[in-house]
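This is a predicted model, so every value here is computed, not measured. Start at 1 with the first residue, then count along the sequence.
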Amino acid sequence: MARSMVPLLLLCMAAAMEGAAALHLCVDRLYDSTQGKHDDGLPHLNPTEEATWMALLPRKLGAKAEFDWLALYRSLTRHAGGGGAPAEFLSQASLHDIRLGPGSMYWQGQQTNLEYLLYLDPDRLTWSFRQQAGLPTVGEPYGGWEAPDGQLRGHFVGHYLSASAHMWASTHNDTLREKMARVVDILDDCQRKMGTGYLSAYPDEAFDMYEELSEAWSPYYSIHKIMQGLLDQYTLAGNRKGLGMVVWMTDYFSERVKNLIQTHSIQRHWEAMNEETGGLNDVMYQLYTLTKEQKHLTMAHLFDKPCFLGPLSLHGDDIAGLHVNTHIPVLIGAQKRYEVVGDHLYKDIATFFFDVVNSSHTFATGGTSTMEHWHDPKRLVDEIKISSNEETCTTYNLLKVSRNLFRWTKEVKYADHYERLLINGIMGNQRGTQPGVMIYFLPMGPGRSKSISGGPPSGLPPKNPGGWGGPNDTFWCCYGTGIESFSKLGDTIYFLEEGEVPGLYIAQHIPSTFDWKAAGLTVVQQAKPLLSTDSYFEVTISISAKGDAQPAKVSVRIPSWTSTVDATATLNGQKLNLTSAGDFLTLTKLWGDDTLVLQFPINLRTEAIKDDRPEYASIQAVLFGPHLLAGLTHGNKTINATEHSNDGLTPGMWEVDARNATSTADWIAALPHQAINSQLVTLTQQSGAQTFVLSVSATDGTLTMDEMPAAGSDACVRATIVVDTYVVDSTAAEHGAAAPVLHGPNVTIAPFDRPGMAITNGFEVKLHPGPEALFNAVPGLDGLPGSVSLELGTRPGCFVTAPGGARGYRAGDKAQVGCRTSGGDDAAFRKAASFTQAAPLRRYHPLSFVAKGTERSFVLEPLRSLQDEFYTVYFNLVTAAADS
């Protein structure tokens, strides 16, 4: 398409040409007077010059002319046809026909999310809607962003409707269907009571403020969520009320938009959009596909934000300073415009946008944003100094961009990006299996923790998010996208291609079953659990006919992170020829009872941070296939608040010793987790009514007595030690011991997170210290079954003891050395020197590795597997050249 045609097809140009004032670059009114450049202390490039916009100016609409949606639509597009017939795309397989394989991390994430959705109470969710409509409220409202005084209240209910619709399609849980139908019924009552089509949990005065360009916290954002949720209830769950409610809402809001344009100008409409409006264009395009009503299509065009999409259409890379989650949903709506009206300009916009973000603004997870904004391209070292990286909402929406691009192009690079971002940017956002405990930000810097992230200065009013939220008092925007993400984990595994021979694209290798109705086939995909010691990632795909099957084409993704040199593929035992990595293996046949087995070589590799300054070329992340690894690290200070995240950082906690290395294998090795997990133990002791654990201090390596930590906390790492002599006492079972009994001479005790290091008799952590690190593990001096005492190898008769003696001790008190006396041991000494052996509070992950550092070694584990642990994603690779 000729570049000169872009203004005619892209921008809203109304009928009258009355001269125009310049439309400034997109700004974020919600963020004070920053003009789109958040006051975060980061450097920025110069904004696009004003002259760029002179050819892209909207014109004023004629004063108070009779409003004609078709005429306005034609003025927006400059033609009636919209750009040509839509192209043929792959279609997403229905979630109703896909079931995740039990036992996988995806299935577990889905089940944890299902438990939370079932926990949520419809009456509490809709409390503010009833209050706004003047209906009697029931029960107590939820807190956080859904509190009755929250400016964004009601947004989560929209997310809930979308999440529950997707979850019901994915599980057909009857209880969930009843709950979500009740929410729709309550909202229907509220809308009918108000009688105008308006539906929200806050008064419509918020839209008056929006139209006056006053500060209002994204009222259209919440409306988009409610509309999308109701539409999902209609399309996925068959609730016919949902469609009628969205149409009525659109009648109300289209009238508001019409009045705004007639009273002021279309430019005033664009200026009002300089805050977060969600994907209102996207949901309007979806509505148009159902109703074919002109007004709905024109409303969609009116929310295609020109100050953002315009520069992208000209291939202008000036997204620095923009609020990320304000603009990615607009881009998704632009993608929908391409699909609905066939306007190829918007395919070009989406493709260029992805290339810009993925080449210059993404972390090793595949995700983007710092303090919710984009910053200067290829300057990510500056961004990892801040703990509010990678907002979950941006990850949720960027996944949609990748999915759409794959559906259009069938290019593996988009499916690869989806895989990486799903694994590393979504799957670790739940805190284990705790329902309703999720994060807002995913920190990328050295010595960070998911439990301490965001918060001041996050830039988001009025209640700054950070760390883990809770099930009743959080309801951030990222909670909404979080419950949606874990409800539709199956939506990008299988894609269908129409034709004389039906086609199936297997884009993700996620254990699952697909009922391929069009071909009369059942597809079962299994993935062998991956270990750090594995050389291959193995996938088995079984395809069986349900009756009279027909020939069908099956295309299986060969990931770009593998190599076809040693890869193998067999069909019913017969070897197949593979194409290159980053392609598809395609088979067309009459399927009956067939088994396809693929083995993809999987290796460690490093990836440089996206920063083009030469001095930062050594800052790199470590991946194993698509899995991003993080090192368990901690600075020399205790960190309890995000504003202190950089306190106590030292070079040694993120420097890797890659001197004289010719490959990653020279400084990273697989950790045989099963063998070493059998050498783990936690030592406990009672003091009064409390249970304490013997821990290795994170800040100075000394031994301390700490309170029994909560599961998943960083303290569990400190309270787990590795021993070199571990035997099972034959009496352990009768004593009820939870772990093997530790005993014998010449035992070394090592910190869990510092392989190759050991604790000395002087209670210091040293690298290969020798005899000074030997202990004798003897039966507990207290004489109790299963207890153990640790005698210092260099000082016979002296033991590791808890502090304080008979007076007891407090959490954090340092362990001491106590020695027997010639007069005999008193009871207090024997108790202080005796520890109960317990099952380890922490175990090594199956994908654990050891990396050699300049001052210490690191345990590397998948970032997604970590909960409260402190970690480092990007390491500084010290090479011979750098060292010299």
Practice task
Please determine, by modelled atom types, if Asp666 and Asn660 share a side-chain donor-acceptor pair under 3.5 angstrom.
Solution key: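 No pair is found: no donor N or O on one side chain lies under 3.5 Å from an acceptor on the other.
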Exercise for the section: Go through the side-chain N and O atoms of His417 and Ser402 and say whether any donor and acceptor fall under 3.5 Å apart. Expected result: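 Yes.
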Is the shortest heavy-atom distance from the side chain of [X] to the side chain of [Y] under 4.5 Å?
X      : Y      : answer
Tyr116 : Phe486 : no
Cys478 : Ile439 : no
Arg613 : Arg379 : yes
Thr633 : Pro446 : no
Val356 : Phe352 : yes

For a quick test of reading the model, state the closest non-hydrogen atom pair linking [X] to [Y] and the distance between them.
X      : Y      : result
Ile328 : Thr394 : CD1-O, 4.1 Å
Trp374 : His327 : CZ3-CB, 4.1 Å
Ala851 : Ile668 : CB-CG1, 4.2 Å
Tyr106 : Leu422 : CE2-CD2, 4.0 Å
Leu632 : Glu869 : CD2-CB, 4.0 Å
Phe475 : His155 : O-NE2, 2.9 Å

Residue from [options] passing side chain to side chain donor-acceptor pair (under 3.5 Å) with [X]:
X      : options                : result
Glu419 : Gln508, Arg557, His627 : Arg557
Glu655 : Thr854, Thr872, Thr650 : Thr854
Gln620 : Thr664, Thr606, Asn876 : Thr606

Measure the acute angle between the ring planes of [X] and [Y], then classify it against the limits of 30° and 60° as parallel, tilted or perpendicular.
X      : Y      : result
Trp145 : Trp217 : perpendicular
Phe363 : Tyr874 : tilted
Trp561 : Phe537 : tilted

Handout entry: Asp491 and Arg403 ion-paired at < 4.0 Å
Key =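 Yes, this pair counts.
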Exercise for the section: For Tyr871 and Pro443, indicate whether the former's side chain and the latter's backbone hold a donor-acceptor pair under 3.5 Å. Expected result: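 Present.
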Practice task
Would you confirm whether Tyr844, through its side chain, and Pro672, through its main-chain N or O, come within 3.5 Å as a donor-acceptor pair?
Solution key: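 Answer holds: no.
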Kindly state whether the ring of [X] and the ring of [Y] have centres lying under 6.0 angstrom apart.
X      : Y      : value
Phe624 : Phe849 : yes
Phe858 : Phe875 : yes
His634 : Phe870 : yes

Donor-acceptor pairs are to be reported for all side-chain atoms of residues 424-432 against protein atoms at under 3.5 Å, with residues two or more places apart or in another chain.
{"unit_1": "Asn424", "atom_1": "OD1", "unit_2": "Leu628", "atom_2": "N", "d": "2.9"}
{"unit_1": "Asn424", "atom_1": "ND2", "unit_2": "Arg420", "atom_2": "O", "d": "2.9"}
{"unit_1": "Asn424", "atom_1": "ND2", "unit_2": "Pro626", "atom_2": "O", "d": "2.8"}
{"unit_1": "Asn429", "atom_1": "ND2", "unit_2": "Thr392", "atom_2": "OG1", "d": "3.4"}
{"unit_1": "Asn429", "atom_1": "ND2", "unit_2": "Gly425", "atom_2": "O", "d": "2.8"}
{"unit_1": "Gln430", "atom_1": "NE2", "unit_2": "Gly109", "atom_2": "O", "d": "3.1"}
{"unit_1": "Arg431", "atom_1": "NE", "unit_2": "Asp868", "atom_2": "OD1", "d": "3.2"}
{"unit_1": "Arg431", "atom_1": "NH1", "unit_2": "Gln434", "atom_2": "OE1", "d": "2.4"}
{"unit_1": "Arg431", "atom_1": "NH1", "unit_2": "Ala711", "atom_2": "O", "d": "3.3"}
{"unit_1": "Arg431", "atom_1": "NH2", "unit_2": "Ala711", "atom_2": "O", "d": "2.9"}
{"unit_1": "Arg431", "atom_1": "NH2", "unit_2": "Asp868", "atom_2": "OD2", "d": "2.9"}

